[in-house]
Asker: 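Have a look at this one before I ask anything.
This is a predicted model, so every value here is computed, not measured.
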Amino acid sequence: MMTAKQTKKDLNFELNLLPVFDILSCCICFLLMTVVWIQIGSMNVNQALGAKGQAGTENAPAIWAYLNPSGQVVLDVKNAKVANWMGESVLQGNSSDKSISWNIVSQRLQAIHNAVPSLKTALVMPTGKSGYQDIVHIMDIFKQLGISDVGISPL
């Protein structure tokens, strides 16, 4: 026969929380160590619509920048009435290391922006081998020129 004292004793047990605290402290340490490796960068730009624009509206001038893996940037102005515009302009850096000459690209984009002051749309057309830093660099140049609608074409 069980007494009341024995049933109370059976209901009292201890839970070992020490392993839970060990795991929790390891997770917190891991979180604190890895948070310094995360760098979040953002640019405040609107998605560009491209050359088609919205239905029923006149197409606004846009500049398309094609990034080639061979170190070339091809600039093409669409829907703009520019005097003496030859179409596409190829700008190439050093052909041996396939790097892009960003000073020349910036100067050419500044000249295009001065010729077409209403230019507010830019599209970046990278290839599968285009470097991420090149895409961000040309987007930064567009942003510095005051081009607010910057888009990136999907691969």
Asker: NE2 of His137 to OH of Tyr132: how many Å apart, nearest 0.5 Å?
Answerer: 14.0 Å

Asker: Donor-acceptor pair, Ser130 side chain versus Leu67 backbone, under 3.5 Å?
Answerer: yes

Asker: How long is the straight-line distance from CE of Met139 back to CG of Asp134, given to the nearest 0.5 Å?
Answerer: 13.0 Å

Asker: Which heavy-atom pair separates Ile63 from Leu119 by the least distance, and what is that distance?
Answerer: N-CD1, 3.8 Å

Asker: CG of Leu18 to CD1 of Ile23: how many Å apart, nearest 0.5 Å?
Answerer: 10.5 Å

Asker: Distance check, rounded to the nearest 0.5 Å: Asp149 atom CG versus Lys120 atom NZ?
Answerer: 9.5 Å

Asker: Start with the C-alpha distance between Val124 and Phe142, add both sets of side-chain angles, then the distance that settles side chain to side chain contact (heavy atoms under 4.5 Å, CB included), and finish with yes or no.
Answerer: CA-CA 10 Å; Val124 179; Phe142 286 140; 3.9 Å; yes

Asker: Answer yes if Leu15 and Phe21 sit in the same cluster of Ile, Leu, Val, Met, Phe, Trp and Tyr residues linked by side chain heavy atoms under 4.5 Å apart, and no otherwise.
Answerer: yes

Asker: How far apart are the C-alpha atoms of Asn68 and Val73, what are their side-chain angles, what is the distance that settles it, and do they pass the side chain to side chain contact (heavy atoms under 4.5 Å, CB included) test?
Answerer: CA-CA 6 Å; Asn68 296 335; Val73 177; over 6 Å; no

Asker: Between Ser25 (side chain only) and Asp22 (backbone N and O only), is there a donor and an acceptor less than 3.5 Å apart?
Answerer: yes

Asker: How long is the span from the OH atom in Tyr66 to the CG atom in Leu123, to the nearest 0.5 Å?
Answerer: 8.5 Å

Asker: If you define the side chain from C-beta out and look only at heavy atoms, does anything of Trp102 sit under 4.5 Å from Ile141?
Answerer: yes

Asker: Testing the 3.5 Å rule here: is there a donor-acceptor pair between the side chains of Asn114 and Gln110?
Answerer: yes

Asker: Evaluate the side chain to side chain contact (heavy atoms under 4.5 Å, CB included) criterion for residues Leu145 and Leu109: first the C-alpha distance (whole Å), next the side-chain angles of each, then the deciding distance (0.1 Å), finally the verdict.
Answerer: CA-CA 8 Å; Leu145 290 175; Leu109 285 173; 3.7 Å; yes

Asker: Measure across Ile138 and Ala65 and return the closest heavy-atom pair with its distance rounded to 0.1 Å.
Answerer: CD1-CB, 3.6 Å

Asker: Enter the distance from Ser106:OG to Arg108:CZ here, rounded to the nearest 0.5 Å.
Answerer: 12.5 Å

Asker: Heavy atoms only: give me the nearest Ser153-Pro126 pair and the separation to one decimal.
Answerer: O-CD, 3.8 Å

